[in-house]
Amino acid sequence: MDELAPSRRRLLAGALAGGIGAAAGCLGTDSDDESDDGPELRLSLSRVEGSLRDRYVRDPDAPPERWDGAALDAALAGEPYTIRHRKPFFAEPDDPAYARFEGTYYRLGSVIVDEVAETYPVLRLFEAESDGASAGDGESPVDGGEDGDLPEADQRAVHIAHFAARARGGVGGYPVGLVERGGYAYRAEASRAESALLDDGPDYVTYRDTTYRVEIERERFHEAVHRPTAEAVAESPERMESILRAALVGPRVERDELSAEAGRIVDRAEAEEYGETHPYSDAYAELLRAIDARHYLDGNVRKDAGVRETEEAMIRYGDEYYERYLRIVNDGGN
């Protein structure tokens with residue numbers, strides 16, 4: 001397992017971002033029908049290859065790059081360790097991380113044990129022309145891109161700060177979590193020591209054919225202090241698989257429990273995307289009940305409290321796991 005095992009939400013978001021094929025024709029129902037009888041409900045299924053352990057359990061000798069390796073070692077050894085600002089394994093109560101060490105499976109997390117206040121320089125960029133400034137007075141802007149002369153720490157800072165500058169002008173958004181307070185915060189001591197922008201650096205940089213005015217402000221941040229935790233949860237692969245199945249997998253459907261027509265819909269939903277307009281065929285209604293989506297059988301589902309226009313879940317069909325994605329499109333109100 002060389003790559004970070006994404007959480008269920010990230011996997012589903014990636015599938016959506018990659019696009020889903022156009023709605024497939026139905027068995028006995030034309031899925032391209034744009035009648036106003038009701039909303040069209042589209043179903044797509046993505047098979048999860050291998051076991052849940054393969055996807056969600058990490059080897060301490062090959063942790064994800066963004067994990068704090070020292071925190072992992074300390075948690076497994078029961079040694080004191082703290083990390084500020086970010087969670088050591090980016091784990092949440094409903095989306096924990098797992099690791100296997102010397103035959104034992106551990107659930108990883110963290111607890112907040114303190115708070116500290118620190119002052120960091122924050123880089124903000126402003127388009128030189130839009131704010132009335134210019135890179136005049138004989139000063140040439142410094143290239144802030146990968147081919148420029150700025151240190152790597154500043155190149156990263158400029159790259160992230162430019163997202164905020166671009167969004168400030170109404171073009172696109174910016175990555176929340178990387179952009180802080182409208183720019184980039186130099187939190188790491190090594191980055192501050194390496195920087196050429198801080199402490200009397202250039203007033204202007206160029207990035208992607210745009211000239212930006214550089215603004216550096218030192219601001220106070222309050223940071224949570226996290227202590228990593230590791231709780232032994234299983235001694236065997238089978239028990240670990242059972243734990244993950246209980247935590248992540250919803251409906252379980254045996255292949256012989258479905259009619260032949262409903263089974264063919266499953267095949268179509270896995271191959272591309274399957275959709276029907278309400279009222280649904282008997283086979284589609286049967287499948288929706290089997291995968292615990294019977295609330296969509298209501299023709300006025302969009303006005304029902306708690307029903308979302310998109311819904312994701314993991315199911316087990318036969319001996320395989322699937323990511324299930326449902327979305328409502330093309331109803332008479334659109």
Side-chain angles (χ1 to χ4, degrees), residues 4 6 10 13-14 17 63-71 82-90 92 110 112 114-226:
L4 172 61
R10 289 192 293 272
E65 181 179 349
R66 63 189 194 137
W67 277 17
D68 186 313
T82 58
I83 178 175
R84 298 189 323 201
H85 175 53
R86 66 183 183 90
K87 296 181 179 180
F89 314 118
F90 294 88
E92 302 291 344
S110 64
I112 296 176
D114 201 355
E115 180 189 64
V116 295
E118 293 287 352
T119 299
Y120 300 120
V122 178
L123 167 68
R124 297 185 183 91
L125 299 178
F126 299 87
E127 288 193 35
E129 294 181 0
S130 65
D131 70 357
S134 64
D137 301 327
E139 178 181 345
S140 298
V142 175
D143 185 352
E146 293 182 358
D147 297 328
D149 296 328
L150 287 177
E152 185 175 342
D154 288 332
Q155 291 179 5
R156 171 178 169 79
V158 169
H159 174 68
I160 293 174
H162 110 277
F163 286 119
R166 185 185 62 179
R168 202 177 295 121
V171 181
Y174 60 75
V176 176
L178 293 179
V179 171
E180 295 186 85
R181 302 190 184 183
Y184 176 81
Y186 284 82
R187 290 180 175 272
E189 183 178 353
S191 296
R192 297 193 296 271
E194 179 186 352
S195 174
L197 287 178
L198 305 178
D199 299 325
D200 298 324
D203 293 327
Y204 296 91
V205 298
T206 58
Y207 189 77
R208 297 185 179 178
D209 299 323
T210 301
T211 299
Y212 293 100
R213 176 173 57 85
V214 173
E215 179 184 281
I216 303 289
E217 296 286 346
R218 283 166 171 76
E219 301 185 4
R220 197 74 163 166
F221 289 79
H222 293 85
E223 301 176 337
V225 178
H226 299 270

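Source: prediction; values computed, not measured.
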Practice task
Could you tell me whether a side-chain N or O of Arg168 sits under 3.5 Å from a main-chain N or O of Leu125, the two making a donor and an acceptor?
Solution key: yes

Handout entry: Donor + acceptor pair across side chains of Tyr184, Asp154 (<3.5 Å)
Key = no

Handout entry: Non-hydrogen side-chain atoms of Glu223 and Tyr120 separated by less than 4.5 Å
Key = yes

Practice task
Sorted by first residue and then second, give each salt bridge (Lys or Arg N to Asp or Glu O under 4.0 Å) pair with at least one member in residues 175-184; sequence neighbours left out.
Solution key: Glu180-Arg187, Arg181-Glu219

Exercise for the section: Could you check if a side-chain atom of His85 sits within less than 4.5 angstrom of a side-chain atom of Glu118, using non-hydrogen atoms only? Expected result: no

Fill in the blank from the handout: One should read off an interatomic distance between Tyr212 OH and Arg124 CZ, to the nearest 0.5 angstrom, of 15.5 Å

Exercise for the section: May I ask you to test the Val122-Phe221 pair for a side-chain heavy-atom distance under 4.5 Å? Expected result: yes

Practice task
Under the side-chain hydrogen bond (donor to acceptor under 3.5 Å, both in side chains) rule, collect the residues that match up with Asp199, sequence neighbours excluded.
Solution key: Arg218

Handout entry: Aromatic ring pairing Phe163/His159, orientation class (parallel under 30°, perpendicular over 60°, tilted between)
Key = perpendicular

Exercise for the section: Check whether any side-chain heavy atom of Val214 lies under 4.5 Å from a side-chain heavy atom of Asp203, and answer yes or no. Expected result: no

Problem - Heavy-atom side-chain proximity of Asp114 to Thr82 below 4.5 angstrom - result: no

Problem - With Pro141, the side-chain contact (heavy atoms from CB on, under 4.5 Å) member among Thr210, Thr211, Val205 - result: Thr211

